[in-house]
Amino acid sequence: MEAPPPTKPNDTTKPSTLSVEAGEGEASPLRKLFAVASIAAGIQFGWALQLSLLTPYVQLLGVPHACSSFIWLCGPISGLVVQPIVGYYSDRCTSRFGRRRPFIVAGALAVTVAVFLIGFAADIGHAAGDDIAKKTRRPGPSRSS
């Protein structure tokens, strides 16, 4: 497949790599679409798991049901704060690995550590002195009879 001619006589830029047809040694558009869709599917599975298990899990850890909605706010609030900061610094990054790659690797490592910490939160709390059998009281007016 030949590269399209430059649009201007003095234009020496390379042609766009976003072509519909795959060249020699390149993945076909269907294969690229499947790769991107499988990544998006993995992300959606993660969100579905979080949506179905977060509230019961934090209640198991002793957080009252009325307060579990505040935990749902942690993700959007952290995204509101962290994403612009990471974007600012990644736009100005001059790493030999590229502008985005160091932040992607650091974010993936941070998420991996966070997932393990969340998974072992009850054990870490017990090791730190929490009593597993102790139940927390619901905040608000007392309901004594």
Side-chain angles (χ1 to χ4, degrees), residues 1-132 134-141:
M1 176 178 186
E2 288 184 16
T7 55
K8 298 177 187 174
N10 295 335
D11 190 8
T12 59
T13 60
K14 294 181 181 179
S16 173
T17 58
L18 298 174
S19 62
V20 176
E21 298 176 13
E24 292 288 325
E26 293 180 21
S28 68
L30 185 60
R31 190 174 296 178
K32 285 181 184 178
L33 179 67
F34 182 74
V36 171
S38 64
I39 293 169
I43 292 170
Q44 292 303 317
F45 278 120
W47 278 109
L49 185 66
Q50 178 186 358
L51 290 172
S52 66
L53 296 177
L54 180 67
T55 302
Y57 184 69
V58 296
Q59 287 176 345
L60 178 74
L61 294 175
V63 176
H65 184 72
C67 294
S68 63
S69 60
F70 292 115
I71 293 175
W72 284 99
L73 287 174
C74 292
I77 290 173
S78 66
L80 183 72
V81 173
V82 172
Q83 287 178 4
I85 293 170
V86 170
Y88 174 82
Y89 285 110
S90 69
D91 286 345
R92 286 153 182 79
C93 182
T94 57
S95 170
R96 65 183 177 126
F97 301 111
R99 290 189 310 165
R100 308 281 187 238
R101 236 176 247 135
F103 292 91
I104 292 170
V105 170
L109 291 174
V111 167
T112 302
V113 169
V115 166
F116 280 111
L117 289 176
I118 290 170
F120 292 105
D123 297 326
I124 292 170
H126 183 64
D130 286 348
D131 185 11
I132 295 175
K134 182 181 176 185
K135 298 289 183 186
T136 57
R137 289 187 304 130
R138 184 175 180 192

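In this chain, residues are counted from 1 in sequence order.
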- Using distance alone, with no hydrogens and no angle criterion, decide if Arg99 and Ser90 have a side-chain donor and acceptor under 3.5 Å apart. no
- Message: What's the separation between atom CD1 in Ile124 and atom CZ in Phe116, rounded to the nearest 0.5 Å?
- Response: 11.5 Å
- Message: Could you walk me through whether Thr55 and Trp72 satisfy the side chain to side chain contact (heavy atoms under 4.5 Å, CB included) test, starting with their C-alpha distance in whole Å, then the side-chain angles of each, then the deciding distance to 0.1 Å, before giving a yes or no?
- Response: CA-CA 9 Å; Thr55 302; Trp72 284 99; 3.1 Å; yes
- Item | Interatomic distance, Phe34 atom CZ to Ile39 atom CD1 [nearest 0.5 angstrom] | 10.5 Å
- Got a second to check how far Cys93's SG is from Arg101's CZ, nearest 0.5 Å? 11.0 Å
- Decide yes or no on side chain to side chain contact (heavy atoms under 4.5 Å, CB included) for Gln59 and Leu54, but give the supporting numbers first. CA-CA 9 Å; Gln59 287 176 345; Leu54 180 67; over 6 Å; no
- Item | Min side-chain heavy-atom separation His65-Val58 under 4.5 Å | no
- Message: Quick check for you: to the nearest 0.5 Å, what is the distance between Leu80 atom CG and Ile85 atom CD1?
- Response: 9.5 Å
- Item | Rounded distance [0.5 Å steps], CG in Asp91 versus CZ in Phe103 | 9.0 Å
